[in-house]
Amino acid sequence: MAIIVQKFGGTSVGSPSRIEKVAEQIIATKNQGHSLVVVVSAMAGDTNRLVELASQIDKNPSPRELDMLLASGEQVTIALLAMALIKRGYSAISLLAHQIGLLTDNRFNKARIKHIDTNRIYGELQRGHIVIVAGFQGMDSEGNVTTLGRGGSDTSAVAIASAIRAKECQIFTDVDGVYTTDPRIDERAKKLDYITFEEMLELASAGAKVLQSRSVEFAGQNKMPLRVLSSFTDGTTDGTQICYEGEVDKQHPVTAIACQTDEVLFTLEATEHIAQLRTRVFNDLAEHAVEVDMISHHLSEQANDLNFTINRKDMVMTDNLCKDLLIDKAISRYQCLKSLSKVSVIGNGMRSHSGVAADVFSTLQENDIDIHLVSTAEIKLSVLVASDDGEKTVRLLMTKFNLNN
Ligand code: ADP
Ligand code: ASP
Ligand code: MG
């Protein structure tokens, strides 16, 4: 009997009636003869509500206590879903992450999964239970509650599926698959039947919220069959399959476009040798767990400025580090530009097609959109634009690269 892992996101379990609906869907899979582990997020809006509640007590709350608070959202939904299944005559058991030995490191708010003890899950499955696990949360080696970063239930699901060697991990959400861009930004976006693992990884790390990027990393490491589906459409589509072999579409250079908001650009002017400054800045940022996104640095005798972007949530920390650099006279001045968005075009076809950069730059120039920074990778090109231009840039590039329905 195959084990299937199904994950239901916040909107899928956003109300008691939605939870009842999800219970029906789970029962349909169970009745096909599968063993089922179900990973659930908090009800839509609940995690945001908890973050807001914390900020009313402290704008910069203790990371440990924040995780203790945020993890509570998922405890609510697992219990309600188990109740809905039991009411329908199915045996189900809800479990918190620590009850399945889901061990993480101790980086509160962005912990990484290190190990999952599969005994408890296997035992419950053998007893015939549908196992309902709280997503997003874990436990460090000292028994503290941790969380996996926003959107982390996707990662819980893929990690559990990999640990118990499930046949498939199905991510149920409020869209019926991965689209050529976020359908909320461009309603003309097309659903993709397949997307390669590499493209999905780039798309997720470029800001497409549909899967947390670490979940895609996990899936890739374990070649876990992964599918994104809607919990709102009663199996009318097969969703989007993440595939590990072969190039799905070599015809088009671009497969999808992502938009990451809340980017902040720092520009530092060095007084000392730029190489020394570069080492110090990126060491300092790493020590404080600030994730740097784009970096631009011109290697020449004359150049003495260093540009990089970070997420808005790390702005205060980065600003403080820059102030220290000023005090130490390592830089003569620095500038911080807020309200930026990063638009990324992604596609395996970019390996064999040239001219994507030219198309992006000409489209933006024709529409008077300024580019603050550019970065490229093998199958991705990103441009940093003003937030006000972000969605417009996506729509223009969707048309340019024929990604509409
Ligand atoms: P869940 O609560 O189920 O985890 P999320 O809100 O985290 O759902 O992710 C689903 C959302 O991701 C969609 O509603 C959509 O707005 C957004 N999204 C961003 N990029 C894409 C994309 N390329 N394809 C589909 N959805 C996307
Ligand atoms: N509830 C968490 C969040 O809102 C985790 C998740 O939904 O994946 O980020
Ligand atoms: Mg999500």
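Sequential numbering from 1 along the given sequence is applied to the chain's residues. Every number for a ligand or one of its atoms is a count from 1 in the order of the listing. Note that the coordinates shown come from a computational prediction; the quantities given were computed from them, not determined experimentally.
Protein heavy atom closest to atom 27 (C) of ligand 1, with residue, atom name and distance, is Val210 CB, 3.7 Å. Here the protein heavy atom with the shortest distance to atom 7 (O) of ligand 2 is Ser41 OG, 3.2 Å. Distance from atom 3 (C) of ligand 2 to its nearest protein heavy atom, with residue and atom name: Arg150 NE, 3.3 Å.
Using a 4.0 Å cut-off between charged nitrogen and carboxylate oxygen, Arg280 and Asp328 count as a salt-bridge pair. Arg127 has a carboxylate O that lies under 4.0 Å from a charged side-chain N of Glu124, or vice versa, which qualifies the two as a salt bridge. The existence of a salt bridge linking Asp154 and Lys7 is confirmed by a sub-4.0 Å separation between a basic side-chain nitrogen and an acidic carboxylate oxygen. Look at Asp314 and Arg312 and you find no salt bridge, because none of the NZ, NE, NH1 or NH2 atoms lies under 4.0 Å from a carboxylate O. Ionic pairing of Arg112 and Glu217 is present here: one or more N-O contacts between side-chain nitrogen and carboxylate oxygen are shorter than 4.0 angstrom.
The stretch residues 46-66 participates, sequence neighbours left out, in these salt bridge (Lys or Arg N to Asp or Glu O under 4.0 Å) pairs: Asp46-Arg49.
Put simply, the side chain of Arg165 never gets that close to the backbone of Ala161: no donor and acceptor are under 3.5 Å apart. Judged by distance alone, with hydrogens and angles left aside, the side-chain atoms of Thr77 form a donor-acceptor pair with the main-chain N or O of Ser41 at under 3.5 Å.
Among the atoms of Thr180, none of the N or O lies under 3.5 angstrom from an N or O of ligand 1. The shortest N/O to N/O separation between Ser153 and ligand 2 falls below 3.5 Å. Ligand 1 has no nitrogen or oxygen under 3.5 angstrom from a nitrogen or oxygen of Ser12. Here's the thing with Gly10: one of its N/O atoms is less than 3.5 angstrom from an N/O atom of ligand 1. Any N or O atom pair closer than 3.5 Å counts here, and Asp154 shares no such pair with ligand 1.
By heavy-atom distance, the residue among Ser41, Gly151, Gly177 lying nearest atom 25 (C) of ligand 1 is Gly177. Distances from atom 13 (C) of ligand 1 to the heavy atoms of Leu192, Asp174, Ile195, Asp182 put Asp174 nearest.
Under 4.0 Å from ligand 2, not a single heavy atom of Gln212 appears.
The closest approach between Lys7 and ligand 1 falls below 4.0 Å for a heavy atom of the residue. Distances from ligand 2 to the non-hydrogen atoms of Gly10 include no value under 4.0 Å. Judged by the shortest distance from any of its heavy atoms, Gly151 lies inside the 4.0 Å radius around the atoms of ligand 2.
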